[in-house]
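First the structure, in the form of structure tokens, and then the observations on it.
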Number of protein chains: 2
Amino acid sequence: MDAPPRWLDREEKAAWDSFIRMQETLIGRLSRRVQTDSGMSASDYIVLVSLTERGGGRMRFLDLAKLVEWEKSRMSHQVTRMAKRGLVAREDCPDDGRGAFIVATPAGYKAIEEAAPQHVEHVRRLFIDALTPNQLSTLGRLSKRVLDHMEKQPD
Amino acid sequence: MDAPPRWLDREEKAAWDSFIRMQETLIGRLSRRVQTDSGMSASDYIVLVSLTERGGGRMRFLDLAKLVEWEKSRMSHQVTRMAKRGLVAREDCPDDGRGAFIVATPAGYKAIEEAAPQHVEHVRRLFIDALTPNQLSTLGRLSKRVLDHMEKQPD
DNA sequence: CGCGAGTAGATGAGCTGTCAACGATTTCGT
DNA sequence: ACGAAATCGTTGACAGCTCATCTACTCGCG
């Protein structure tokens with residue numbers, strides 16, 4: 001069948017390029033910032049935020065993985081490294097012999113409490129402040145729309 | 001001074017979360033797609049596209065690195081790997097004894113010509129088709145705006 | 001009960017990215 | 001012309017991600 005590809009037209013390509021470059025630059029800068037400000041990687045940061053904000057500092061392994069939408073293997077390696085640095089600890093789950101809880105240690109709380117304000121400040125400076133409130137909410141709405149659309153699509 | 005952090009308000013946070021999740025999901029899906037469709041990594045793809053589209057198949061090493069906004073070290077490793085698989089080759093630069101050209105091989109051209117249409121199709125399916133032309137151009141405009149704003153900011 | 005299927009999570013190999021150091025040229029100031 | 005500094009690109013060590021595989025446990029069913 002091999003229909004001729006429907007290449008992007010000039011405007012589509014311009015929009016796509018801007019989006020891609022913006023997103024790469026933004027994410028790149030933010031993660032370098034987290035790294036140099038706090039010594040944590042962006043992954044460390046996300047795990048600790050999720051664990052403390054949404055799980056009260058203690059969460060089942062797979063729930064945590066689902067929350068941040070990571071594969072369990074990635075989470076497992078990540079937790080191993082973070083445990084080695086004392087940011088989290090593993091605990092056995094009494095209800096399910098296979099299971100494990102991931103717990104934020106005091107050092108983990110300390111790390112995230114120091115890093116979070118700086119991170120928010122950078123998000124504000126680089127992203128939020130670039131737009132008016134209306135524009136920001138538009139961007140949020142459009143993002144949500146793309147997200148919902150993707151969820152209906154096959155991989 | 002330690003001013004209290006200006007946390008994101010409810011609407012700011014909602015917009016930020018939607019954007020982040022959308023962007024992660026989209027990039028994740030696209031790069032897995034490139035991988036399984038063509039056997040190339042997303043990085044291979046970007047390098048070959050840049051090299052062939054914008055450089056006519058031959059480009060100075062650092063120009064290529066700047067074009068895709070990568071560190072030279074990353075590019076160097078990437079080129080080494082791609083050269084090993086026959087997608088590109090290095091050539092000495094006659095004008096500058098330190099320099100090098102990166103050249104797309106015939107196999108490299110073949111690979112990118114096969115992969116590009118599928119990639120565009122996925123971009124269309126996951127992203128472009130989620131929005132009306134107006135919405136798409138709005139998203140592009142807002143992205144550009146954030147990008148321009150970031151370029152005025154320190155790291 | 002006992003067996004097979006499914007689930008929770010760990011682990012190892014191999015590839016990718018980052019950081020710091022390095023060698024090789026070129027450029028620039030004097 | 002000569003030494004210092006800047007530029008071009010590579011390399012090695014190390015952390016991170018992915019994929020396949022593995023163990024241990026639970027659950028459902030005969």
Side-chain angles (χ1 to χ4, degrees), chain A residues 24 27-48 51 58-85 87-103 155, chain B residues 24 27-48 51 58-85 87-103 155:
Chain A
E24 264 171 14
I27 302 299
R29 286 217 203 177
L30 284 176
S31 56
R32 257 168 279 142
R33 265 303 184 171
V34 170
Q35 180 75 269
T36 65
D37 287 355
S38 71
M40 286 192 288
S41 71
S43 301
D44 297 340
Y45 182 87
I46 295 170
V47 167
L48 279 177
L51 198 53
R58 165 188 217 75
M59 211 178 305
R60 275 298 288 272
F61 180 89
L62 275 190
D63 293 341
L64 182 55
K66 270 171 201 135
L67 183 56
V68 300
E69 299 183 282
W70 284 4
E71 305 197 351
K72 58 190 183 164
S73 153
R74 178 177 179 185
M75 184 57 80
S76 184
H77 285 299
Q78 179 71 32
V79 167
T80 302
R81 288 186 300 260
M82 292 178 72
K84 205 166 292 177
R85 281 178 288 146
L87 297 172
V88 301
R90 290 184 219 261
E91 273 182 26
D92 287 358
C93 174
D95 299 1
D96 186 333
R98 301 162 298 183
F101 280 105
I102 312 301
V103 191
D155 249 21
Chain B
E24 264 171 16
I27 302 299
R29 287 217 202 178
L30 284 176
S31 57
R32 257 168 279 141
R33 266 302 184 170
V34 170
Q35 181 74 273
T36 64
D37 287 356
S38 71
M40 285 192 290
S41 69
S43 301
D44 297 339
Y45 183 87
I46 295 171
V47 168
L48 280 176
L51 198 53
R58 165 190 218 73
M59 211 178 305
R60 276 297 291 272
F61 181 88
L62 274 191
D63 292 342
L64 182 54
K66 268 172 201 135
L67 182 56
V68 301
E69 299 182 283
W70 285 2
E71 304 196 351
K72 59 192 181 162
S73 151
R74 177 176 179 186
M75 184 57 81
S76 184
H77 285 300
Q78 180 71 31
V79 166
T80 301
R81 289 185 300 257
M82 292 179 73
K84 205 165 290 177
R85 280 178 291 146
L87 297 172
V88 299
R90 291 184 219 260
E91 274 182 25
D92 287 359
C93 174
D95 300 0
D96 187 332
R98 300 162 299 184
F101 280 104
I102 312 300
V103 190
D155 247 22

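All chains are named by letter (A, B, ...) in the order of the sequence lines, taking the proteins before the strands, and each is independently numbered beginning at 1. Bear in mind the structure is a predicted one, so any value in this text is a computation, not a measurement.
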**Asked** Between A/Ser76 and A/Trp70, is any pair of side-chain heavy atoms under 4.5 Å apart?
**Response** no

**Side-chain heavy-atom pair B/Ile102, B/Met75 within 4.5 angstrom cut-off** = no

Within the structure, does a side-chain N or O atom of [X] lie under 4.0 Å from either OP1 or OP2 of [N]?
{"X": "A/Arg98", "N": "C/dA10", "answer": "no"}
{"X": "A/Gln78", "N": "D/dG16", "answer": "no"}
{"X": "A/Arg81", "N": "D/dG16", "answer": "yes"}
{"X": "B/Ser73", "N": "D/dT10", "answer": "no"}
{"X": "A/Arg90", "N": "C/dG9", "answer": "no"}
{"X": "B/Arg74", "N": "C/dG17", "answer": "yes"}

**Message:** Counting the atoms with a prime plus P, OP1 and OP2 as sugar-phosphate, which does B/Thr80 contact under 4.0 Å by heavy atoms, base, sugar-phosphate, or nothing?
**Reply:** nothing

**Request:** Verify the neighbour count for atom CG of B/Asp92: are there more than 12 heavy atoms of other residues, nucleotides or ligands below 6.0 Å?
**Result:** no

**Fill in**
Comparing A/Arg32 with A/Phe61, nearest DNA chain C nucleotide closer to 5' gives the residue A/Phe61

Looking at the side chain of [X], which of [options] is the nearest nucleotide?
{"X": "A/Asp96", "options": "D/dT26, C/dG9, C/dT18", "value": "D/dT26"}
{"X": "B/Arg60", "options": "C/dC19, D/dA20, D/dC8", "value": "D/dC8"}
{"X": "A/Ser76", "options": "C/dA8, C/dT11, D/dC17", "value": "C/dT11"}

**Asked** Roughly how far, to the nearest 0.5 Å, is the CE atom of A/Met82 from the OG atom of A/Ser43?
**Response** 9.0 Å

**Item:** Lys/Arg-Asp/Glu bridge criterion (N-O < 4.0 Å) met for A/Arg85, A/Asp44
**Value:** yes

**Message:** Between A/Arg85 and A/Asp95, which residue's closest nucleotide on DNA chain D lies nearer the 5′ terminus?
**Reply:** A/Arg85

**Request:** Using the closest heavy atom to pick a nucleotide of DNA chain D for each, name whichever of B/Ala100 or A/Trp70 lands nearer the 5' end.
**Result:** B/Ala100

**Item:** B/Glu69 CD to C/dG17 P, straight-line distance once rounded to whole Å
**Value:** 15 Å

**Prompt:** Taking atom types as they are modelled, is there a donor-acceptor pair under 3.5 Å from the base of D/dT10 to the side chain of B/His77?
**Reply:** no

